[in-house]
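Contents: one structure, followed by commentary.
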2 protein chains.
Amino acid sequence: MVTIADVARHAGVAPSTVSYVLTGRRSISSATKARVEASVRALGYHPHAGARSLASNRANVLALVLPMREGMHMPVLMQFVVAVANAARRHDHDVLLVTADQGAAGLRRVAGSAQVDGLLVMDVEMHDERVPVLRELDRPSVLIGFPADAAGLTCVDLDFAEAGSRCVDHLADLGHTYVALVGAPRAVYQRDTGFAHRTMAGFSAAAMRRGVSSTTLPTEPDHESVRVAITGLLERHPAVTGLVVHNEAALPSVVEVLRSLGRKVPDDVAVIAICPDDQAERLMPPLTSVAVPAEQLGHHAVALLMAKLDRTPTPPLTLLPPRLTERASTTR
Amino acid sequence: MVTIADVARHAGVAPSTVSYVLTGRRSISSATKARVEASVRALGYHPHAGARSLASNRANVLALVLPMREGMHMPVLMQFVVAVANAARRHDHDVLLVTADQGAAGLRRVAGSAQVDGLLVMDVEMHDERVPVLRELDRPSVLIGFPADAAGLTCVDLDFAEAGSRCVDHLADLGHTYVALVGAPRAVYQRDTGFAHRTMAGFSAAAMRRGVSSTTLPTEPDHESVRVAITGLLERHPAVTGLVVHNEAALPSVVEVLRSLGRKVPDDVAVIAICPDDQAERLMPPLTSVAVPAEQLGHHAVALLMAKLDRTPTPPLTLLPPRLTERASTTR
DNA sequence: GCCCGGATTCGAAGCGCTTCGACATGTCAG
DNA sequence: CTGACATGTCGAAGCGCTTCGAATCCGGGC
């Protein structure tokens with residue numbers, strides 16, 4: 001193994017000088033710097049991560065706590081994971097995976113062992129057992145989603161309330177007077193997940209504000225459940241002409257069921273989805289949608305965490321503004 | 001921070017004794033062991049990962065190299081990632097994410113800096129630039145998928161050739177005489193990805209063997225492309241009565257297009273999918289399928305890597321046998 | 001009563017890096 | 001010409017852990 005001493009010898013300088021060239025924590029003359037850098041390349045030197053973390057008290061690794069629960073939509077999640085990994089690399093950090101089923105103990109372990117400098121926690125629930133743990137941990141953290149009590153924490157999320165609200169506004173602007181929210185699976189609401197709850201709240205509030213009638217229903221993702229749910233919905237609320245779908249997995253089935261019931265999109269029923277753009281574009285007809293900006297969220301979360309590591313003050317709560325893209329499933 | 005010296009003092013023993021209790025590398029009397037363990041709990045001690053890795057030359061971290069390419073199916077990938085993370089934890093290891101776009105340099109970096117003890121590489125292509133790098137690295141690795149030249153490497157994968165073949169056999173057993181493979185997006189074949197290639201080879205070979213006519217076509221996942229592809233397929237090959245679909249993303253559209261063309265499944269056209277079970281079950285009708293055992297693959301890959309870390313001999317090539325589950329989309 | 005061997009435990013030497021204070025230079029104002 | 005002050009570099013200490021050889025203790029056989 002090539003060590004910093006080997007590089008120092010090769011370049012004819014002291015080990016500490018090599019360290020300063022690599023970390024940039026002291027100014028080094030450009031001549032020396034060039035010589036050291038050449039030696040680093042010549043020897044194929046990689047600093048030993050463990051030694052570095054021991055001496056500097058920084059691991060240059062972030063923990064990413066993965067959710068793994070019913071009703072989560074994998075493509076969005078994966079997009080987010082990759083975005084986080086890439087963003088972290090841009091800040092010279094790596095990402096360590098922690099699965100949610102390790103619970104609070106997992107957080108304590110990776111933080112306590114100094115394996116990570118900070119934590120990114122996904123899919124935070126309103127009342128999440130991990131939240132108090134994060135507060136007492138000596139490492140900074142950023143939550144994606146936010147709990148009921150977010151005091152002292154840094155949280156990022158899409159503004160789901162605004163997303164729900166924008167969907168209703170768009171439909172109301174088009175003249176619809178009765179709209180329905182086709183939501184996430186029941187389990188998601190039962191565990192009191194913030195994002196689903198907030199979409200619903202935004203949806204309902206906007207309906208009130210705009211004076212349009214509204215109804216909401218949870219939806220399981222399998223085709224048969226969707227068929228039953230949508231059929232039932234249209235029977236019980238025959239005047240519904242606008243659907244807001246916040247359930248990526250059920251989306252293809254919703255469109256398909258409408259077609260099989262003879263309801264033309266957008267002529268008989270308008271549909272807006274809250275889902276990634278590529279999925280909305282892929283369906284027939286392409287759906288008007290509010291994008292879930294997984295990539296942007298990932299970048300933002302990492303940026304906030306890096307700021308906290310630098311002890312830069314950060315806003316406690318960041319809500320990304322939703323972006324609505326009109327496509328063929330709603331028309332003027 | 002609580003150190004091993006603190007624990008030693010608290011328990012009234014030497015630091016080395018604490019270390020031996022924790023690592024189990026020397027026998028310690030049960031009385032002492034109990035005392036040390038109590039102190040560990042009392043103080044909430046977590047060994048410093050960096051110090052440990054520096055002293056022992058083991059990081060207890062595995063690298064997982066994520067693919068991120070066109071045509072990959074996220075749910076399967078995510079399932080795999082989680083399976084790997086869980087399996088690694090069961091062996092007392094963590095998982096560090098490396099995105100594929102870091103290429104060979106990323107592998108060199110995490111291995112060279114002793115950040116990881118071994119590497120798991122997903123989505124290996126037939127001629128993959130990372131393969132020679134893995135060979136020269138001083139850390140063991142396990143590939144998921146396998147390259148053209150797998151000499152000196154350890155690879156695991158589903159036996160996709162056998163999967164393709166089983167599908168044809170199943171259809172042939174049901175009396176079908178003309179079958180089609182609806183494959184992955186063109187890009188997947190263009191970059192010469194092993195698994196897609198091998199499914200196709202198994203499919204075609206079985207068709208020859210069973211004396212049934214066959215055809216194959218790549219498929220983009222968007223609805224419109226699927227419509228065009230399937231419509232064209234059935235026009236050009238009107239005698240086709242059996243479809244094997246190896247494209248998770250296109251699957252819902254395939255079923256839907258068949259319906260819209262008035263071809264009843266399974267009466268007019270039988271369909272077998274190569275996809276995760278839960279997806280096959282979710283569609284209408286539930287599809288006969290060959291499962292992609294992401295979880296099993298993940299576990300197996302980790303087990304092999306751990307074996308290599310222990311210097312236990314491992315088989316160079318493991319092919320998991322495909323499992324075909326009959327559902328409503330094919331009938332006797 | 002003493003020596004021996006096995007079972008435990010201890011002490012100290014690093015692992016490779018960062019960082020702090022000190023030491024050379026060189027520069028510039030008085 | 002000298003003192004004050006940057007600027008660039010060095011040496012050594014020490015981060016918290018593992019591991020090796022050595023020390024200690026104990027019981028049993030002689």
Side-chain angles (χ1 to χ4, degrees), chain A residues 1-37 39-40 43-61 92 109-117 138 309, chain B residues 1-37 39-40 43-61 92 109-117 138 309:
Chain A
M1 174 176 197
V2 184
T3 73
I4 200 172
D6 298 327
V7 176
R9 211 170 304 124
H10 188 272
V13 297
S16 52
T17 303
V18 176
S19 176
Y20 287 125
V21 169
L22 262 32
T23 62
R25 303 185 91 80
R26 274 193 190 181
S27 65
I28 296 289
S29 71
S30 56
T32 310
K33 189 189 271 185
R35 209 144 35 85
V36 168
E37 281 164 351
S39 299
V40 165
L43 301 180
Y45 170 66
H46 291 278
H48 188 290
R52 186 168 253 194
S53 114
L54 178 57
S56 70
N57 210 21
R58 287 173 262 113
N60 278 33
V61 176
D92 194 31
R109 186 176 58 82
V110 294
S113 65
Q115 249 185 127
V116 304
D117 303 321
D138 56 339
L309 286 171
Chain B
M1 174 175 196
V2 184
T3 73
I4 200 171
D6 298 327
V7 176
R9 211 170 304 124
H10 187 272
V13 297
S16 51
T17 303
V18 176
S19 176
Y20 288 126
V21 168
L22 261 33
T23 62
R25 302 185 93 82
R26 271 194 192 180
S27 65
I28 296 287
S29 72
S30 54
T32 309
K33 188 188 274 183
R35 207 142 37 86
V36 168
E37 281 164 351
S39 298
V40 165
L43 301 180
Y45 170 67
H46 291 278
H48 188 290
R52 187 168 252 195
S53 115
L54 179 57
S56 70
N57 208 22
R58 285 173 263 115
N60 278 36
V61 176
D92 194 31
R109 186 177 58 81
V110 293
S113 65
Q115 249 186 126
V116 304
D117 303 321
D138 57 339
L309 287 171

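Chain letters run A, B, ... following the sequence lines, proteins first, then strands; residues in each count from 1. Quick note: numbers below take in every heavy atom, side chains included, and nothing from hydrogens, waters or symmetry partners.
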> 5'-most contact on DNA chain D: B:Y45 or B:R26, nearest heavy atom basis?
Replying inline: B:Y45

Rounded distance in Å - [atom1] ([X]) to [atom2] ([N]):
X: B:N57; N: C:dG16; atom1: CG; atom2: P; result: 8 Å
X: B:D6; N: D:dC17; atom1: CG; atom2: C1'; result: 13 Å
X: A:R58; N: C:dT18; atom1: CZ; atom2: P; result: 8 Å
X: A:N60; N: C:dC17; atom1: CG; atom2: P; result: 14 Å
X: A:I28; N: D:dT7; atom1: CD1; atom2: P; result: 13 Å
X: B:L22; N: D:dT19; atom1: CG; atom2: P; result: 12 Å
X: B:H48; N: C:dC17; atom1: NE2; atom2: C1'; result: 12 Å
X: A:R52; N: D:dG16; atom1: CZ; atom2: C1'; result: 18 Å

> So what does A:T32 hit on the nucleic acid, given a heavy-atom distance under 4.0 Å: a base, only sugar-phosphate, or nothing?
Replying inline: sugar-phosphate

> With a 4.0 Å cut-off on heavy atoms, is B:T23 in touch with a base, just the backbone sugar-phosphate, or nothing at all?
Replying inline: sugar-phosphate

Nearest-nucleotide pick for [X], side chain only, options being [options]:
X: B:T3; options: C:dC17, C:dC20, D:dG16; answer: D:dG16
X: A:A55; options: C:dT19, C:dG16, D:dC10; answer: C:dG16
X: B:A14; options: C:dC10, D:dT19, C:dT9; answer: C:dC10
X: B:S19; options: D:dT19, D:dT9, C:dG16; answer: D:dT19

> For A:S56 and C:dC17, is the shortest distance between a side-chain N/O and OP1 or OP2 below 4.0 Å?
Replying inline: no

> With respect to the phosphate group of C:dT9, does any side-chain polar atom (N or O) of B:S29 fall under 4.0 Å of OP1 or OP2?
Replying inline: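 Yes, because at least one side-chain N or O of B:S29 sits under 4.0 Å from OP1 or OP2 of C:dT9.
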
>> Nearest heavy atom decides the nucleotide; on that basis, is B:S16 or A:P47 closer to the 5' end of DNA chain C?
In response: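 On the 5' side of the pair lies B:S16.
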
>> For A:L54 and B:K33, find the nucleotide of DNA chain C closest to each by heavy atoms; which residue's nucleotide sits nearer the 5' end?
In response: B:K33

>> Using only modelled atom types and a 3.5 angstrom limit, is any donor from either the side chain of A:R25 or the base of D:dG8 paired with an acceptor on the other?
In response: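 Not at all, since no donor on one side and acceptor on the other fall under 3.5 Å apart.
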
>> Can you tell me whether the side chain of A:Y20 and the base of C:dC20 have a donor-acceptor pair closer than 3.5 Å?
In response: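 Such a pair is found, so the answer is yes.
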
Under a 4.5 Å cut-off applied to non-hydrogen side-chain atoms, are [X] and [Y] in contact?
X: B:Q115; Y: A:V61; result: yes
X: A:V40; Y: A:V21; result: no
X: A:V7; Y: A:H10; result: no

Could you grab the distance from atom [atom1] of [X] to atom [atom2] of [Y], nearest 0.5 Å is fine?
X: B:H46; Y: B:I4; atom1: NE2; atom2: CD1; answer: 14.0 Å
X: A:S27; Y: A:K33; atom1: OG; atom2: NZ; answer: 8.5 Å
X: A:S53; Y: B:H48; atom1: OG; atom2: NE2; answer: 4.0 Å
X: A:S19; Y: A:R52; atom1: OG; atom2: CZ; answer: 7.5 Å

> Under the criterion side-chain contact (heavy atoms from CB on, under 4.5 Å), which of A:L22, A:D6, A:V36 is the partner of A:Y45?
Replying inline: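 The side-chain contact (heavy atoms from CB on, under 4.5 Å) with A:Y45 is passed solely by A:L22 among A:L22, A:D6, A:V36.
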
> Roughly how bent is the helix from C:dG1-D:dC30 to C:dG30-D:dC1 end to end, in steps of 10 degrees, with each end axis from five pairs?
Replying inline: 50°

